[in-house]
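As the structure lists them, so they are numbered: ligands from 1, and atoms in each ligand from 1. Being a predicted model, the structure only gives us computed values, none of them experimental.
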Amino acid sequence: MAGKVLQLTSDVQYVKSVGPARATALRRLGIGTVGDLLWHLPRNHLDRSSSVPIGKLVPGQTATVAGEVLTCGERRTRRGGTQQTVTVADRSGVLFCVWFNQRYVLKQFRSGRQVMLSGQVQVYGGRRQMVHPDFEVSEDAPDHADQDAAPLHTGRLVPVYPLTAGVGQHWLRRLIHATLVQVAPQLDEPLPDRWLAERGLAALSEALQQMHFPDDQAALGRARRRLAYQELLEIQLVMALRRGGFRDRPGLALARPGDLTRRLVESLPFELTGAQRRVLAEILADLRGGRVMHRLLQGDVGSGKTLVAFIAALFCIEQGYQVLFMAPTEVLARQHGQTLRRLAEPLGVVVETLTGSTPASERRTILASAGAREVQLLVGTHAVLQDQARLPDLALTIVDEQHRFGVRQRGESARGGDDDPVHLLVMSATPIPRSLALTLYGDLDLSIIDAKPAGRQPVCTRLVPARREREVLDECRRLARAGKRGFVIYPVVEESEKTDIKAAEAEVAELRSGPFADLRVGLVHGRLKPREKHAAMDDFASGRLDVLVATTVVEVGIDVPEAAWMVIQGAERFGLAQLHQLRGRIGRGGGEAWCWLVPSGSLTQETEARLRYFADHDDGFALAEEDLRTRGPGDLWGVRQHGMPGFRLANPLRDGELATAASEDGRRILAEDPGLQTPRWSRLRARLNGQYGDLVPLATG
Ligand code: ADP
Ligand code: MG
């Protein structure tokens with residue numbers, strides 16, 4: 001092996017002791033290169049750092065001992081197997097170690113050798129013993145170059161790795177250790193030393209080594225802290241790069257307000273809430289200020305974000321500018337278009353809507369009049385507006401992301417370019433905790449609407465066992481007969497899955513011929529053509545349908561004030577965030593509303609507790625935190641669903657302080673180098689490309 005230098009990008013197959021078969025097994029763990037091996041982090045560590053004198057061992061205790069091998073032996077058991085016995089002694093006593101059918105053990109133990117053992121202590125026939133202890137025998141003549149003198153399996157904090165068939169714990173430990181010794185010193189440090197010092201963070205190479213084989217708990221804590229910071233920073237940068245990266249730059253200063261906003265506010269049948277006024281002041285200050293606004297407007301469903309955004313739009317329009325309003329889906333775009341037009345028309349403001357299903361001739365007309373400054377507010381889907389709309393007097397782009405985190409979209413501005421002075425307002429309906437928002441939207445300023453308009457009643461939510469589904473449906477029928485419209489939601493894993501759609505279709509047939517026989521029942525799901533989808537939604541909105549059976553396509557923002565009830569089938573398959581979004585679709589008219597959660601079978605205690613928590617809580621922020629707490633950092637708010645790898649080390653809830661630090665640093669980096677193209681940040685860029693692959697947009701000139 002001498003002379004051959006391992007690179008991070010080398011195929012793991014060429015690492016000593018691996019070979020093709022083992023490489024195939026490693027690939028199942030997501031390990032293809034030497035670098036992947038280093039980033040295969042332990043699930044946890046076993047504390048085997050301090051050894052106990054054999055004489056002090058207590059039965060039942062899990063302990064580590066250090067001693068000398070006295071004897072080794074093997075005998076046949078009555079069942080025809082073999083039993084290996086090794087005795088080990090220190091000055092305080094003798095320990096018997098027993099294995100069954102593990103002949104290899106005897107090759108390693110020789111009398112006189114020093115060993116360390118970890119296992120559970122038993123008393124058998126009056127003797128202290130351990131069955132199948134983990135062990136480490138010191139070699140008298142280490143003949144492997146990669147065999148370090150330090151123990152790996154006992155006598156220390158021992159890493160425990162996720163495994164797969166053909167990859168054993170001991171073997172992987174040795175492999176990772178040897179690779180670390182060889183490769184970690186060449187690991188590039190992506191951050192400047194001065195930053196690390198400022199933040200009190202360990203160097204990456206050091207952190208990685210200590211994350212695998214920590215000197216002690218404190219070192220492990222420091223390592224975890226650095227790697228969690230790294231993860232938070234990277235996720236934030238990837239999100240920001242996908243949004244196009246922002247630079248603090250001069251923007252349009254909107255300094256000559258007219259009277260549209262005042263006229264609108266006066267015409268509303270209600271007062272703005274205090275929270276709405278506060279965030280509006282933040283937004284208007286940005287628009288007046290002369291710097292480009294990059295602001296995230298966050299608020300629970302129904303908190304009145306759309307209205308705030310519209311007022312901001314009017315503020316631009318009354319000064320002679322144009323505004324784009326981008327929605328994530330066709331359904332939402334059309335709905336926003338209708339709502340905004342209703343509000344805008346009395347003020348003489350022209351609103352047009354453009355989506356993928358707008359007929360070509362109509363589209364040309366709309367684009368032409370937008371280009372001729374005849375349209376003041378253009379509403380549509382991200383895709384269409386981004387590709388086609390060119391507004392000569394564009395001052396503000398509003399992006400309704402709902403809970404989509406903007407992972408799939410990039411570059412919200414329809415003009416783009418570094419000198420683009422257009423302001424950006426992103427709306428998110430997901431009440432994610434502030435610390436998580438910092439990571440996912442760290443490059444945006446944050447405005448939070450934290451109170452709902454007064455007088456809203458919480459939706460009465462019940463968890464009902466599957467066997468009582470019929471009672472629920474009968475109740476729904478009564479409500480529908482009394483003129484209250486409602487939804488039946490089916491969980492669909494993939495809107496593209498034929499089998500799931502089939503199941504929903506079968507259910508509709510069953511409802512129509514059974515409990516809902518005298519009701520008008522429609523169906524929407526993700527595989528319908530847009531035209532069919534809109535027809536069903538419109539029928540429901542206008543009251544031509546009593547019941548809308550839907551997959552989660554309704555989740556995103558549909559607004560039918562008359563919808564008063566909802567049955568969520570297979571409720572256990574939804575996360576709290578998603579359930580919250582779904583429930584937000586009903587009771588929007590202000591009256592009483594009911595939501596039933598019907599699981600598809602019996603529930604684990606944990607799931608039941610989660611659903612009960614949901615039934616008892618109405619506040620999106622509380623639900624968000626509970627979701628984080630119970631589901632852990634792995635799949636926060638469906639981050640992974642939306643294309644981001646989940647958090648592996650960081651938990652933005654617990655690591656709030658780190659998230660804040662990472663977010664500040666992310667901003668500093670992007671302000672300095674929006675595309676991470678200068679030599680100073682090239683190593684960070686390389687890491688992002690390596691870790692997040694296709695999610696990272698290519699650098700553009
Ligand atoms: P969001 O976009 O946050 O889900 P919307 O702006 O769509 O919320 O508002 C939800 C509903 O509440 C709309 O019908 C809107 O007219 C109404 N609304 C907004 N602000 C207020 C308020 N201050 N008082 C009463 N109703 C309001
Ligand atoms: Mg809304």
Do the charged groups of [X] and [Y] touch, with an N to O distance under 4.0 Å?
| X | Y | answer |
| --- | --- | --- |
| D286 | R295 | yes |
| E330 | R334 | no |
| R341 | E352 | yes |
| E266 | R263 | no |

Fill in: Closest non-hydrogen atom pair, R520 against G543
NH2-O, 3.2 Å
Which ligand 1 atoms, with their elements, are less than 4.0 angstrom from a heavy-atom of [X]?
| X | answer |
| --- | --- |
| T273 | 23 (N) |
| P453 | 21 (C), 22 (C), 24 (N), 25 (C), 26 (N), 27 (C) |
| E271 | 22 (C), 23 (N), 24 (N) |
| D300 | 3 (O) |
| L307 | 6 (O), 19 (C), 20 (N) |
| L272 | 23 (N) |

Worksheet item: Is there a donor-acceptor pair under 3.5 Å between the side chain of H580 and the backbone N or O of L576?
Response: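 It does not hold such a pair.
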Discussion item. Once salt bridge (charged side-chain N to carboxylate O under 4.0 Å, His left out) is applied, do any residues pair with D450, and if so which ones, sequence neighbours excluded?
Written reply: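 By the salt bridge (charged side-chain N to carboxylate O under 4.0 Å, His left out) rule, D450 matches R278.
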Discussion item. Please report whether ligand 1 has a polar contact with G304, defined as an N or O pair separated by less than 3.5 Å (distance criterion only).
Written reply: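 By distance alone, the answer is yes.
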Using a 4.0 Å heavy-atom cut-off, which part of [X] comes near ligand 1: side chain, backbone, both, or neither?
| X | answer |
| --- | --- |
| V308 | neither |
| T306 | both |
| M427 | neither |

Worksheet item: Would you call G299 a ligand 1 contact, heavy-atom distance under 4.0 Å?
Response: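 Not so, G299 does not reach ligand 1.
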Discussion item. Taking side-chain hydrogen bond (donor to acceptor under 3.5 Å, both in side chains) as the definition, give me every residue that meets it alongside E608, ordered by chain and number, with sequence neighbours left out.
Written reply: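 side-chain hydrogen bond (donor to acceptor under 3.5 Å, both in side chains) list for E608, sorted by chain: R612.
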